[in-house]
Amino acid sequence: MLTLKVITENTDDVIRRLAKKHFDGKEIIGKVLDLDKKRRNTQASLDASLAELNVLSKSIGSLMKDGKKAEAEEAKAKTVQLKENNKTFENDMRDAETELQNLLVLIPNLPAEIVPEGNGADDNLTVKTGGAVPELSADALPHWELAKRYDIIDFELGVKITGAGFPVYKGKGARLQRALISFFLDNAREAGYLEVQPPYVVNTASGYGTGQLPDKEGQMYHCNEDDLYLIPTAEVPVTNIYRDVILNESELPIKNAAYSACFRREAGSYGKDVRGLNRLHQFDKVEIVRIDKPEHSYESLQEMVDYVQSLVDKLELPWRILRLCGGDISFTSALTYDFEVFSAAQKRWLEVSSVSNFESYQANRLKCRYKSADKKPQLCHTLNGSALALPRIVAALLENNQTPKGIRIPKALVPYTGFEYID
RNA sequence: GGAGAGGUGGCAGAGUGGUCGAUUGCGACGGUCUUGAAAACCGCUGAACCGAAAGGUUCCGGGGGUUCGAAUCCCUCCCUCUCCGCCA
């Protein structure tokens with residue numbers, strides 16, 4: 001969430017910038033300012049009252065020691081009214097604080113100035129493209145047909161075992177998954193990311209930390225018995241490593257990479273967009289997470305974008321990078337670049353990565369701060385991106401590389417798969 | 001699943017009703033010494049909020065209670081560890 005400091009010091013600017021996200025902040029920010037004022041006043045009163053009580057208590061202590069019983073009793077009597085006042089102030093304080101908190105979580109992050117205006121996916125700005133779209137013959141097949149032909153992914157079997165959206169990968173299909181995971185992790189390591197293996201199940205505190213809770217609760221699988229959630233992305237456990245942490249300036253930037261299975265309920269998603277590998281309930285992904293000083297975070301973002309580009313280049317896929325517009329960018333992000341690869345048989349662009357700078361929005365919730373030499377702790381900036389999500393990469397690889405000899409594996413991947421064709 | 005122990009500052013570890021935000025050790029940081037480093041010695045070292053500042057308030061797992069006063073007593077919840085059992 002946004003810090004009170006930003007809201008109070010740059011009120012008009014905040015409202016103006018929120019408008020790009022089609023968020024009318026005028027009323028809610030007015031309320032925030034009022035509540036903040038109320039909170040300050042209440043605290044001043046409460047502190048004064050508590051201070052008075054503290055003084056009295058100490059005096060009672062010393063009076064008792066000196067054997068001045070009567071005077072001590074007199075002082076005790078005075079505390080009654082003070083304690084009553086404290087209770088009132090405390091209640092007011094708590095009410096103001098929770099109300100303030102409840103409002104603050106409703107305000108989205110401010111979009112960066114370069115975020116384009118726009119309402120939805122059509123208004124995103126294509127900032128870069130690369131790779132060549134292959135010429136497929138007229139009888140080219142979509143990946144779900146290819147998966148069946150080569151018997152490498154069994155969607156029906158997954159339905160039997162679990163349900164739709166949980167495919168079973170077999171033979172070279174399974175080996176391709178494993179190869180891609182290793183390929184992504186090795187590349188990340190070479191780019192300076194520390195590999196971590198996080199839990200795939202998180203508690204509610206972690207869910208709140210990265211913002212999945214409370215609003216996106218319905219998108220996660222929940223284990224009732226233990227009140228734990230299956231992670232929708234490794235971002236959740238990895239970023240939460242840094243929850244309630246004050247980092248030393250010298251530790252920054254932090255660069256982590258993690259493979260995990262990801263679980264998403266995808267409630268409300270139906271139709272042709274979800275065929276085959278296009279949308280799954282369980283999928284594999286390698287995620288990169290960065291934590292950096294505010295003044296370096298946009299440099300970091302660019303580095304991450306360049307890094308993801310290097311991956312799709314090595315996989316010889318046609319790609320494009322979109323700068324998401326105000327209407328399409330997520331609630332918590334300040335600037336997001338989406339990577340899409342072209343899946344030639346479906347003739348569709350598929351999103352395979354989303355790289356975002358959250359600035360201090362997420363860090364404020366996480367209480368992730370850093371301390372430099374002699375300054376007070378201040379909030380870090382957090383960033384993350386997929387590098388990469390597997391299913392749609394596999395979809396594009398299968399479709400784009402179908403040949404009479406079988407599915408051709410890109411050169412960079414062959415050392416990992418151990419085979420050049422799926423046939 | 002059964003039994004027990006415990007949650008205190010970056011870590012270790014004292015503190016069992018009053019001046020304790022908390023002894024001490026380690027670590028970190030600054031300095032002296034040194035060509036440099038180590039060692040030694042000296043100093044310093046939590047966070048949040050209110051306040052222009054001075055200063056004030058809060059925080060010893062969370063919440064509640066007793067008391068003029070709670071890290072310390074009571075209740076409750078959560079978590080961690082150890083042993084036994086089961087098991088990858």
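These figures come from a predicted structure and were not determined experimentally.
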Could you please spell out the steps behind the salt bridge (charged side-chain N to carboxylate O under 4.0 Å, His left out) verdict for A:Arg290 and A:Glu299?
CA-CA 11 Å; A:Arg290 276 180 85 130; A:Glu299 224 171 280; over 6 Å; no

What do the steps show when you test A:Val352 against A:Leu317 for side chain to side chain contact (heavy atoms under 4.5 Å, CB included), and what is the final call?
CA-CA 11 Å; A:Val352 293; A:Leu317 291 167; over 6 Å; no

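Between the CD atom of A:Glu52 and the P atom of B:G69 there is a distance of 14 Å, rounded to whole Å. Here B:G27 presents its C1' atom at 14 Å from CD of A:Glu251, a figure rounded to the nearest Å. Residue A:Asp226 contributes atom CG, which lies 14 Å from atom C1' of B:C79 at whole-angstrom precision. One interatomic measurement links the two molecules: CD of A:Glu90 to P of B:U58, which rounds to 9 Å at whole-angstrom precision.
Using modelled atom types and a 3.5 Å distance limit, the side chains of A:His143 and A:Glu399 yield a donor-acceptor pair. Judged purely by distance below 3.5 Å, without hydrogens or angles, the side chains of A:Tyr259 and A:Asp284 pair a donor atom with an acceptor atom.
When the P atom is compared between B:A22 and B:G27, the two are found 23 Å apart, to the nearest whole Å. The P atoms of B:U67 and B:C77 are separated by 23 Å, rounded to the nearest whole Å. Nucleotides B:C74 and B:G25 have their P atoms positioned 32 Å apart, rounded to a whole Å. Separation of the C1' atoms belonging to B:U8 and B:G62 is 15 Å when rounded to the nearest angstrom. Between B:A52 and B:G43, the distance separating the two C1' atoms is 31 Å to the nearest Å. As rounded to the nearest Å, B:A70 and B:U58 have P atoms that lie 9 Å from one another. Separating the C1' atom of B:G31 from that of B:G18 is a span of 39 Å, rounded to the nearest Å. The same atom, C1', is picked in B:A71 and in B:C84; the two are 34 Å apart, to the nearest Å.
Of the two residues near RNA chain B, A:Lys76 and A:Lys87, the one whose nearest nucleotide lies more 5' is A:Lys87. Toward the 5' end of RNA chain B, the nearer of the two residues A:Lys58 and A:Asn248, judged by each one's closest nucleotide, is A:Lys58.
Residue A:Lys78 is out of contact with every strand shown, counting any heavy-atom pair closer than 4.0 Å. No contact: A:Leu56 has no heavy atom under 4.0 Å from any strand.
The side-chain tip of A:Lys172 points at the ring of A:Phe419 from less than 6.0 angstrom away and within 45° of straight on.
Residues A:Glu340 and A:Arg392 have side chains not in contact (no heavy-atom distance under 4.5 Å, counting atoms from C-beta outward). A heavy-atom distance below 4.5 Å is found between the side chains of A:Thr382 and A:Gln362.
The nucleotide B:G21 finds no pairing partner, because no Watson-Crick or G-U wobble arrangement with both distances shorter than 3.5 Å includes it. With a 3.5 Å ceiling on both atom-pair distances, the Watson-Crick or G-U wobble partner of B:G27 is B:U45. The nucleotide B:A70 finds no pairing partner, because no Watson-Crick or G-U wobble arrangement with both distances shorter than 3.5 Å includes it. Taking a pair to require two hydrogen-bonding distances under 3.5 Å in either a Watson-Crick or a G-U wobble arrangement, B:G4 pairs with B:C81. A 3.5 Å limit on both hydrogen-bonding distances identifies no Watson-Crick or G-U partner for B:A88.
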Nucleotides 44-56 of chain B: protein proximity per nucleotide (B base, S sugar-phosphate only, - neither; heavy atom, under 4.0 Å):
--SSSBSS----B

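Ring planes of A:Phe339 and A:Trp319: tilted class, angle from 30 to 60°.
Comparing atom distances between the A:Leu50 side chain and each of B:G64, B:U58, B:G18 picks out B:U58 as nearest.
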